[in-house]
Amino acid sequence: MKNHVLRPLWVAIAFVALILLARYVMVPRDFGVQGDSFTFNFHRAGNVDEWKNMPAVAYLGGETCVECHDEQGAALEDSPHVIIQCENCHGPGRDHPETENPATMTIDRSRGLCLRCHADLGYENSSRADLPGINPEEHNIDTQCVQCHNPHTAEFKEDA
Amino acid sequence: MSCSRRTLLKNTVKGAIVASLPISAFRLLSPAELKAAIGDEKVRWGFVVDTTKCVGCGFCVKACKKENEIPYDAPITRTWVERYVVTRDEKVHADSPMGARDGFTSARIDEETMESGGEHTAEIEPAEIAKAFFVPKLCNQCEKPACVQVCPVGATYQTADGVVLIDRTWCIGCGYCVMACPYGVRFFHPKYKVADKCNFCYHRISKGLKTACVQACPFGARQIGNLRDPDDPVTQTIMNERVSVLKDEYGTKPQVFYLGLDYTVK
């Protein structure tokens with residue numbers, strides 16, 4: 001066959017080979033169908049293990065907290081607030097106390113935190129109504145709840 | 001070479017049979033591939049939300065955002081709590097301010113947060129309320145996830161234990177999955193510039209911990225468990241109690257089951 005007919009053919013073949021080479025280099029070895037479904041299981045297999053380690057666990061759980069803070073754990077024992085995780089108010093315990101900086105635990109003492117449960121919304125058929133509630137616009141405005149109420153025992157503070 | 005009608009027909013049939021055999025029929029499967037294909041997994045994560053126990057404190061949302069490092073003040077969240085207030089004239093008011101990150105501390109309904117098209121805020125007299133309740137929402141980890149089906153690059157997928165994950169290095173940020181999810185659980189992560197959503201705290205459940213929201217809930221309104229284990233409390237609840245799923249008509253087969261779901265919940 002004549003040369004001017006073959007030449008574009010070689011260009012086309014080279015172009016396809018280049019694409020295949022780029023695909024080979026750029027697509028990770030573990031990319032493909034990992035289960036039985038092309039629709040739902042087509043992915044890079046290594047990503048599953050990446051997610052198993054990402055991010056680092058931030059909320060350690062109350063059982064970890066009372067290992068050192070047994071005094072606070074005891075105060076909570078007979079309290080209705082025992083169902084609330086320490087870290088809900090004290091913040092996530094990641095890196096505490098290894099960083100030797102207890103100040104990384106920022107305690108939320110705001111009214112808003114208590115009002116999450118104890119603002120009376122008047123929803124009588126909701127379990128919200130089973131909790132003691134106040135009207136935040138009338139009940140000791142501009143005062144922190146923890147001035148009179150002990151957040152651990154949920155009782156009045158004796159010295160308040 | 002002569003060819004009789006008989007041999008021609010015989011060879012045609014033979015040829016058709018051979019041509020219809022896919023190449024994959026000759027492939028030898030490794031035991032691992034076979035196991036993956038049959039789906040012999042010991043774990044299938046499932047979730048139960050008991051809406052009757054939820055008081056709308058929003059501790060789950062706060063814990064989720066901090067655990068999974070979702071920008072705290074951005075209006076995006078992997079899980080959220082919706083408030084529904086149905087009045088005696090059968091009007092439905094619903095809101096979820098900041099996804100209920102700070103809970104529900106006011107009786108005022110901020111309807112703008114739910115695109116309900118009603119007045120922006122609604123003050124409802126307690127006497128007018130027929131029923132009011134809270135509904136926590138999260139990714140349903142569907143068995144047939146519409147979001148995965150539309151991904152053009154294979155960046156989102158279902159793991160063998162049933163959780164839908166997003167490959168952050170592979171996602172191109174086209175947003176098809178955000179549009180495809182019937183439950184609106186997907187959003188753009190402003191830091192990584194990729195799609196993001198709840199993954200049942202995959203880093204926690206694979207270490208034997210509960211998800212951050214389950215751990216943070218004081219009332220046990222959220223539970224996670226292994227649906228392949230018949231003795232798991234979550235499996236027991238799904239098998240023995242009256243549960244429902246969100247938007248069943250989409251055929252996505254959600255794996256988050258709800259107790260006490262009202263028909264007004266969308």
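Just so we're on the same page: letters track the sequence lines, and every chain starts at 1. Quantities reported herein were computed from a predicted structural model and do not represent experimental measurements.
Of the atoms belonging to A:Pro136, it is side-chain heavy atoms, and not backbone ones, that fall under 4.5 Å from chain B. Heavy-atom distances place the backbone of A:Leu60, and not its side chain, under 4.5 Å from chain B. Contact annotation for B:Leu209: only side-chain heavy atoms (C-beta onward) come within less than 4.5 Å of a heavy atom of chain A. For chain A, the nearby parts of B:Lys62 are the backbone and the side chain; heavy atoms of each come within less than 4.5 Å. There is no contact between A:Ala129 and chain B, counting heavy-atom distances below 4.5 Å. Looking at B:Ser106, only its backbone comes within 4.5 Å of chain A, counting heavy atoms on both sides. With a 4.5 angstrom heavy-atom cutoff, A:Phe38 does not touch chain B via any of its atoms. Heavy atoms closer than 4.5 Å to chain A are found in the backbone of B:Val153, but not in its side chain.
We find that B:Arg108 and A:Glu137 are not joined by a salt bridge, their nearest charged nitrogen and carboxylate oxygen being 4.0 Å or further apart.
Contacts with chain B were tallied for A:Leu113, A:Asp130, A:Asn53; A:Leu113 has the most, counting heavy-atom pairs under 4.5 Å. Between chain A and the residues B:Lys210, B:His203, B:Arg168, the most heavy-atom pairs under 4.5 angstrom are made by B:His203. Chosen from A:Gly46, A:Gly62, A:Ala45, A:Ser126, the residue pairing most often with chain B at heavy-atom distances under 4.5 Å is A:Ser126. When the candidates B:Gly220, B:Ala155, B:Pro145 are compared by the number of heavy-atom contacts under 4.5 Å with chain A, B:Pro145 comes out ahead. Between chain A and the options B:Phe134, B:Phe133, B:Tyr157, B:Tyr202, the largest number of non-hydrogen pairs under 4.5 Å is found for B:Tyr157. If you tally non-hydrogen atom pairs under 4.5 Å between each of B:Gly56, B:Cys54, B:Ala63 and chain A, the highest count goes to B:Ala63. Comparing A:Val82, A:Asp120, A:Asn125, A:Asn88 by how many heavy-atom pairs each has under 4.5 Å with chain B, the most go to A:Asn88. For the set B:Cys201, B:Ala216, B:Gly103, the count of heavy-atom pairs under 4.5 angstrom toward chain A peaks at B:Ala216.
In this structure, B:Cys57 SG and A:Leu115 CG are separated by 12.5 Å, a value rounded to the nearest 0.5 Å. The distance from the CZ atom of A:Phe40 to the SG atom of B:Cys147 is 9.0 Å, given to the nearest 0.5 Å. Between A:Ser37 atom OG and B:Gln149 atom CD the span is 8.5 Å, to the nearest 0.5 Å. Atoms CE and CG, from A:Met54 and B:Asn68 in turn, are 10.0 Å apart once rounded to the nearest 0.5 Å. Note that CD of A:Gln34 is 11.5 Å distant from OG1 of B:Thr159, once rounded to the nearest 0.5 Å. Atom OG1 of residue B:Thr105 and atom CZ of residue A:Arg111 lie 10.5 Å apart, to the nearest 0.5 angstrom.
Within the 4.5 Å cutoff, side-chain heavy atoms of B:Phe219 are placed close to those of A:Leu131. At least one side-chain heavy atom of A:Leu121 sits under 4.5 Å from a side-chain heavy atom of B:Arg83. Between B:Gln215 and A:Glu87, the closest side-chain pair of non-hydrogen atoms falls below 4.5 Å.
A donor-acceptor pair under 3.5 Å is formed between the side chain of A:Asn41 and the backbone N or O of B:Gln158. The backbone N or O of B:Val55 sits nowhere less than 3.5 Å from a side-chain atom of A:Ser127 that would complete a donor-acceptor pair. Checked by atom type and distance alone, the side chain of B:Lys207 pairs as donor or acceptor with a backbone atom of A:Lys52 at under 3.5 Å.
Closest heavy-atom contact between A:Gly122 and B:Ile129: O-CD1, 4.4 Å. The shortest heavy-atom contact between B:Leu165 and A:Val48 is CD1-CA, 4.3 Å. Here the closest non-hydrogen pair linking A:Val57 and B:Glu67 is CA-OE2, 3.3 Å. Of all heavy-atom pairs spanning A:Tyr123 and B:Ala107, the tightest one is OH-O, 4.1 Å. When all heavy atoms are compared, the tightest approach of A:Tyr59 to B:Arg204 is O-NH1, 2.8 Å.
Residue A:Glu124 qualifies as open at atom CD: its count of foreign heavy atoms under 6.0 Å is 12 or below. Few gaps surround CZ on A:Arg29; more than 12 heavy atoms of other groups in view lie less than 6.0 Å from it.
Note: A:Phe31 and B:Trp170 have tilted aromatic rings, judged against thresholds of 30 and 60 degrees for the angle between ring planes.
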